[in-house]
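Data first, discussion second: the structure below is written as structure tokens.
Side-chain atoms are counted along with the backbone in the values below, which use heavy atoms only and exclude waters and symmetry mates.
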Amino acid sequence: MNLYLIRHGETDWNKARRIQGSSDIPLNEYGRELAFSTREGLSGIPFDIAYTSPLKRARETGEIVLGGRNVPLFEDERIAEADFGSYEGRLEAELIEEKDPVLRFFDCPEKFVKTGGCEDHREVMERAEEFLKDRIFPHEKEYQNIAVFSHGALIHGILTYIYQREIRDFWHAPKQLNCGVTIIEIANNKYHVIEESKIFYSVEE
């Protein structure tokens with residue numbers, strides 16, 4: 001069975017480098033273009049079932065990628081983005097200027113201390129692990145291809161769990177780009193990462 005982890009397309013907050021988290025921001029037009037390119041790139045994959053974060057940027061990405069196919073798409077709150085509490089909507093540039101400790105979530109995970117209502121990395125990984133053990137691993141013999149439409153931190157959380165990495169390596173390269181596709185092969189309760197953050201579009205300069 002192959003698991004396809006697909007990050008959502010671009011939003012205006014992504015473009016402006018605002019902390020997005022659990023804020024329900026829709027795709028922008030470029031984000032939809034990325035999703036359509038990804039739809040074409042994955043057109044040859046016969047998905048059996050798909051799951052999406054309840055946030056509209058992930059769901060719309062899923063609806064575009066799966067458009068025209070008879071593939072059930074189920075929402076699951078466990079694969080929503082990390083919650084950044086009171087920091088959501090803040091510009092990254094402002095936080096850098098203020099030297100806000102929340103930035104450790106991104107550049108020094110092992111030293112991040114919960115602040116402002118943020119989730120921490122372990123909480124994200126616990127959600128990811130629970131989702132995998134509930135919705136993915138038990139169906140190895142039932143499905144051949146599963147699509148999961150989610151978010152950057154959540155996908156990095158899944159990879160950190162699968163690779164059994166330390167929290168300090170949570171953001172291990174490559175970065176999960178908008179509409180990046182990570183493919184994981186699951187066989188006999190073992191997993192092998194085939195490719196990380198594959199894109200089906202040209203990166204804007």
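- Legend: residues meeting side-chain contact (heavy atoms from CB on, under 4.5 Å) with E33, ordered by chain and number and at least two apart, are Y30.
- Both Y163 and L132 are part of a single hydrophobic cluster, where members link through side-chain heavy atoms under 4.5 Å apart.
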Stepwise side-chain contact (heavy atoms from CB on, under 4.5 Å) check, N145 with L3:
CA-CA 6 Å; N145 298 286; L3 174 63; over 6 Å; no
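- Counting all heavy atoms, side chain and backbone alike, R7 lies closest to T61 at O-CG2, 4.2 Å.
- In plain terms, the two heavy atoms of Y87 and G116 that are nearest each other are CE1-CA, 4.1 Å.
- L27 approaches R32 most closely through the heavy-atom pair O-NH2, 3.1 Å.
- At a threshold of 4.5 Å between non-hydrogen side-chain atoms, the residues V102 and C118 count as touching.
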Please table the atom pairs, donor to acceptor, closer than 3.5 Å between any side-chain atom in residues 166-177 and protein atoms at least two apart or in another chain.
residue	atom	partner	partner atom	Å
W171	NE1	F105	O	2.8
H172	ND1	R165	NH2	3.4
Q176	OE1	T182	OG1	2.9

Are R18 and E92 close enough, and set up right, to give a salt bridge (charged side-chain N to carboxylate O under 4.0 Å, His left out), and what steps lead you there?
CA-CA 6 Å; R18 289 186 185 276; E92 180 183 306; over 6 Å; no
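- For E123, the salt bridge (charged side-chain N to carboxylate O under 4.0 Å, His left out) partners are K114, not counting sequence neighbours.
- In plain terms, the two heavy atoms of R104 and D107 that are nearest each other are CA-OD1, 3.3 Å.
- Surrounding CD of E98 are more than 12 heavy atoms belonging to other residues, nucleotides or ligands, all under 6.0 Å away.
- For the residue pair E81 / S53, no side-chain donor-acceptor distance below 3.5 Å is found, with atom types taken as modelled.
- Residues Q144 and M1 fail the side-chain proximity criterion, which asks for heavy atoms closer than 4.5 Å.
- Put simply, I184 and Y51 are part of the same group of oily side chains (I, L, V, M, F, W, Y) that touch within less than 4.5 Å, one to the next.
- Judged by distance alone, the side chains of N2 and E185 never bring a donor and an acceptor atom under 3.5 Å apart.
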Under the side-chain contact (heavy atoms from CB on, under 4.5 Å) criterion, do E94 and R90 qualify, and how do the steps go?
CA-CA 7 Å; E94 293 175 350; R90 295 289 308 279; 3.5 Å; yes
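- Applying the side chain to side chain donor-acceptor pair (under 3.5 Å) rule to pairs touching residues 63-73 yields R59-E63, sequence neighbours excluded.
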Could you go through the salt bridge (charged side-chain N to carboxylate O under 4.0 Å, His left out) check for R122 and D120 one step at a time?
CA-CA 6 Å; R122 292 194 186 281; D120 64 22; over 6 Å; no
Step by step, would you call T11 with Q20 a side-chain contact (heavy atoms from CB on, under 4.5 Å)?
CA-CA 9 Å; T11 70; Q20 199 158 217; 2.6 Å; yes
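- Between F74 and I49, some side-chain heavy-atom pair lies under the 4.5 Å cut-off.
- Under a cut-off of 6.0 angstrom, the local environment of CD in E97 is sparse, with at most 12 non-hydrogen atoms contributed by other residues, nucleotides or ligands.
- In the hydrophobic clustering of this structure, W13 does not group with I19; members are Ile, Leu, Val, Met, Phe, Trp, Tyr whose side-chain heavy atoms approach within less than 4.5 Å, directly or through other members.
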Working note: I96 + L103, criterion side-chain contact (heavy atoms from CB on, under 4.5 Å); need CA distance, chi angles, decisive distance, verdict.
CA-CA 7 Å; I96 290 172; L103 293 171; 3.8 Å; yes
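- The shortest distance between side-chain heavy atoms of H121 and P109 falls below 4.5 Å.
- Other residues sharing the hydrophobic cluster of L42, ordered by chain and number and joined by side-chain separations under 4.5 Å: Y4, I6, I45, F47, V65, L66, V71, L73, F149, V181, I183, I194, F200.
- Between L55 and H151, some side-chain heavy-atom pair lies under the 4.5 Å cut-off.
- Contact record, I79 with S150: O-OG, 2.7 Å, taken as the closest heavy-atom pair.
- In terms of modelled atom types and a separation under 3.5 Å, the side chain of E196 and the main chain of V193 share no donor-acceptor contact.
- Side chains of E88 and S23: a donor on one and an acceptor on the other come within 3.5 Å.
- Legend: residues meeting side-chain contact (heavy atoms from CB on, under 4.5 Å) with F36, ordered by chain and number and at least two apart, are R39, I64.
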